[in-house]
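All remarks here apply to the structure that follows.
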There are 2 protein chains.
Amino acid sequence: MNRYLRAKQVLKERGILMTPQRDLVLRQALTFLHFTAEQLVHSVQAANPGISRASVYRTLGLLSEAGLVEKHDFLYGPPNYEVTFGKPHHDHLMCIHCGEIIEFQEPRWEALQEEVVQRFGYQLRSHTHKLYGVCANCRRLEPKTRRRLPPKLHVEQVVA
Amino acid sequence: MNRYLRAKQVLKERGILMTPQRDLVLRQALTFLHFTAEQLVHSVQAANPGISRASVYRTLGLLSEAGLVEKHDFLYGPPNYEVTFGKPHHDHLMCIHCGEIIEFQEPRWEALQEEVVQRFGYQLRSHTHKLYGVCANCRRLEPKTRRRLPPKLHVEQVVA
DNA sequence: TCTCACCTGAGACTGAGTCTCATACAATAG
DNA sequence: CTATTGTATGAGACTCAGTCTCAGGTGAGA
């Protein structure tokens with residue numbers, strides 16, 4: 001059974017009504033690896049222009065609540081969504097020049113996290129771990145020819 | 001020499017003109033551990049009502065560019081700023097109920113990060129690592145009496 | 001003193017969502 | 001099959017956090 005059908009199953013189990021609009025939003029979201037909300041709006045409206053922005057956002061919210069979709073605030077570029085349903089847990093590495101996003105797993109982190117959190121008497125619920133760097137390809141290119149990502153004012157501290 | 005004077009020094013070295021407005025924004029920012037942009041606007045305007053929102057934001061941008069301030073997009077609550085200048089590098093642990101933010105250092109992560117990034121041919125530039133959990137105090141309280149943080153639609157995947 | 005770059009406040013504007021509200025549809029009861 | 005009730009929908013106003021524009025002000029150096 002593919003992700004689409006399994007996702008529909010999850011929504012059904014949660015008692016979320018599947019309307020044609022929601023179905024289309026889900027199907028379009030599944031065509032992306034990572035997407036912005038407005039990209040999703042465009043792709044949904046390309047397939048059916050009658051569907052409103054509000055419905056797309058509402059459905060995105062529904063999918064998030066159901067744990068099928070995650071939002072990512074990367075330091076560079078606009079907020080970004082991902083259908084995580086059916087994918088193993090992973091963190092992200094982004095190239096600050098070309099915007100490439102790499103998903104990776106690093107089990108050794110997870111153990112360390114538990115340790116840190118317990119040190120403070122906390123119970124871990126979730127985490128976000130994002131790495132930013134320059135990919136090999138962008139390093140090869142001259143600075144002039146690099147496409148800088150849409151500027152975003154605040155830049156996180158540079159790691160030595 | 002205190003943080004304020006050293007920060008001014010850094011700005012001067014970067015050729016950033018220190019106006020009375022900028023000076024006040026810097027001084028107010030230094031009074032917080034973490035703050036929202038609007039909190040800073042309020043505290044600046046409390047000290048000098050003539051200073052505009054735009055100037056506060058502009059100065060915040062300047063301080064960011066100069067590497068004195070960092071922005072944090074936590075999953076819960078509004079975006080959050082921190083004067084990191086003069087503080088050692090650290091990551092954050094937030095209680096999703098009371099909003100407490102704990103800063104901690106974990107050198108073992110830094111090494112692991114380098115390893116991961118090299119695996120993909122990247123050159124590491126920065127990272128954000130945020131942990132979310134429930135603090136001991138909030139766990140003791142009944143759910144009903146807990147103050148939930150301002151709801152934010154999209155909730156990141158829960159870690160097993 | 002002049003100059004010219006840089007800074008400022010006011011307020012319009014933007015992007016990313018969210019909310020409202022009247023209408024439309026779905027599921028169930030009768 | 002109709003009525004009822006609950007939920008979903010589209011349009012568009014609204015919000016929040018921030019950014020931009022512009023006319024006027026300020027300040028460091030010639």
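Just so you know, these numbers come straight off a predicted model, no measurement behind them. Chain naming here is simple, since letters A, B, ... match the order of the sequence lines and numbering starts at 1 in each.
- For the atom pair Leu75(B) CG and Thr128(A) OG1, the distance stands at 5.5 Å (nearest 0.5 Å).
- The interatomic distance linking Leu11(B) (CG) with dC6(C) (P) rounds to 16 Å, in whole Å.
- Between Phe35(A) and Tyr81(A), the ring planes lie parallel to each other; the angle is under 30°, not in the 30° to 60° tilted range.
- Atom-to-atom, CD of Gln39(A) to C1' of dG15(C) comes out at 14 Å; the value is rounded to the nearest Å.
- A residue-by-residue look at Pro79(B) and Thr59(A) shows that Thr59(A) has its nearest nucleotide of DNA chain D further toward the 5' end.
- One can place CG of Asn80(A) at 10 Å from P of dG17(C), the figure rounded to the nearest angstrom.
- Put simply, CD on Gln39(B) and NE2 on His34(B) are 11.5 Å apart, with the number rounded to the nearest 0.5 Å.
- Judged by closest nucleotide on DNA chain D, Arg58(A) is the one of Arg58(A) and Arg53(A) placed further toward the 5' end.
- At a non-hydrogen distance threshold of 4.0 Å, Leu17(B), Thr19(B), Gln21(B), Arg22(B) from residues 12-23 of chain B come into contact with DNA chain C.
- Residue Glu100(B) holds its CD atom at 3.5 Å from OH of Tyr122(A), rounded to the nearest 0.5 Å.
- We find that CZ of Phe74(B) is positioned 17 Å from C1' of dA17(D), with the value rounded to whole Å.
- Atom-to-atom, CG of Leu62(B) to P of dC6(C) comes out at 12 Å; the value is rounded to the nearest Å.
- Mapping Ala37(A) and Ala54(B) onto DNA chain C by nearest heavy atom places Ala54(B) at the nucleotide closer to the 5' end.
- If you measure from atom CG of Leu26(B) to atom P of dC7(C), you get 15 Å, rounded to the nearest angstrom.
- Ring geometry for Phe74(B) against His72(B) counts as tilted: the plane angle lies between 30° and 60°, on a 0 to 90° scale.
- For the atom pair CG of Leu63(B) and CG of Leu11(B), the computed distance is 6.0 Å after rounding to the nearest 0.5 Å.
- In this model, the phosphate group of dG18(D) is approached by a side-chain N or O of Tyr57(B) to a distance below 4.0 Å at OP1 or OP2.
- A donor-acceptor contact closer than 3.5 angstrom links the side chains of Asp91(B) and His127(B).
- One atom, CD1 of Ile51(A), and another, P of dG12(D), lie 17 Å apart when rounded to the nearest Å.
- Atom-to-atom, CG of Asp73(B) to C1' of dC16(D) comes out at 14 Å; the value is rounded to the nearest Å.
- Remark: Lys71(B) is in phosphate contact with dG18(D), judged by side-chain N or O atoms under 4.0 Å from OP1 or OP2.
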